Amino acid sequence: MGVTWSQIFPPPPTLTEVNLPSQKGKVFIVTGGYSGVGFELCRILYRVGGTVYLAGRSEEKALDAIAKIKSLCTPTSPGGNIIFLPLCLEDLRTIKPAVKIFTTAESRLDVLFNNAGVSNPPQETSPQGHDMQLATNCLGPHLFTQLLLPILQRTAETTPIASVRIIWTASIVVDAFALETEMELAELIQKDADKSRNYLNTKVGNWFLADALASQIGGDGILSLAQNPGNIKTNIMRHSRPFFPFVLGPFLYAPRLGAYTGIWSAFSGDLTIDDGGKYILPWGRLHPCPRDELLRAMKGKEEGGTGVAAAFVQYCDNQIAAFL
């Protein structure tokens, strides 16, 4: 309960745009970058000189966000470069073309922020027939990340170890409400599943994907992490029951603070390659005591675990195989 409480009332951030060094020459992708935490991430990265790809479905919203971000800079602090990248995570067919656009334009990628997500969307299924939350929160980011691995690996060859990073987005629900069985994969793939439970399952799934990826690419010097940005006032709750924002309102924070969690995850010098697969709490600190059942889920049965995470990752691998 103490760790959950500390996520509701986090200590002050230690790494912000005020003390973040220049990122000139570095390249970033932020999915869902035209609102909420994603917008603030783009704003901060642009402000410190980075080349930022704002990835999302709507070009109109993206261009509006880019114009606003540019308007916040001054002649003495002109910012870096920011570019729209068309990407529809719930439709796996769109992801390889997006990666092609990016890799044609760029020769490096320093940090991938898998920031975009949905909760309780009105659309039930994705174009491939998956639950929309599973498709947008897990399958799309998983495919996107796997297709970007070659450019991430090339970048890691010429940069300090653990400076190339992939940041996955989970939620406080992982600590507060995760099921004793760690994840209900059957719920995710059955018809007429409970949307709230599926959201929980996908956020747990993001940590499972982050941990599995850390094992896959840690040897390349790339750091894969999961984070809870914090309880943030964003439009992710726009499809929730009407009383949710009213009840949660006093405990919600500005998106800028949520971005600080991502900034710490992406740039903190306190993190090493041995921290791959770990979980970051708001506004930037390692989780001191993850739930034991979740840790056991990320171990195989031969290690005394349950193998639940490996089964989920294998399921995701099977769903994206035709789109690689």
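For clarity, every value in this text was computed on a predicted model and none was experimentally measured.
- Between the side chain of Q7 and the backbone N or O of G230 there is no donor-acceptor pair closer than 3.5 Å.
- A salt bridge is defined here as a Lys NZ or Arg NE, NH1 or NH2 lying under 4.0 Å from an Asp or Glu carboxylate O, and D292 with R296 meets this definition.
- Residues satisfying the ring-ring contact (aromatic ring centres under 6.0 Å, His included) criterion with F84, sequence neighbours excluded, are absent altogether.
- The pair R43-E40 counts as a salt bridge, with a side-chain nitrogen and a carboxylate oxygen less than 4.0 angstrom apart.
- Looking only at distances, a side-chain donor or acceptor of R165 sits under 3.5 Å from a matching main-chain atom of S265.
- With respect to K195 and E124, a salt bridge is recorded, a charged nitrogen being found less than 4.0 Å from a carboxylate O.
- Side-chain atoms of S163 and D110, non-hydrogen and from C-beta on, never get closer than 4.5 Å to each other.
- At distances below 3.5 Å, at least one donor-acceptor pair connects side-chain atoms of N206 with backbone N or O atoms of N137.
- Note: the hydrophobic cluster containing L92 does not contain M132 (ILVMFWY, side chain heavy atoms under 4.5 Å, direct or indirect links).
- Hydrophobic clustering (ILVMFWY, side-chain heavy atoms < 4.5 Å, transitive): L63 and V30 are in one cluster.
- In this structure Y279 satisfies the ring-ring contact (aromatic ring centres under 6.0 Å, His included) test together with W207, H287, sequence neighbours excluded.
- Taking F323 as the reference, nothing meets the ring-ring contact (aromatic ring centres under 6.0 Å, His included) condition, with sequence neighbours excluded.
- Within the 3.5 Å criterion, the main-chain N or O of G276 finds no donor-acceptor partner in the side chain of S224.
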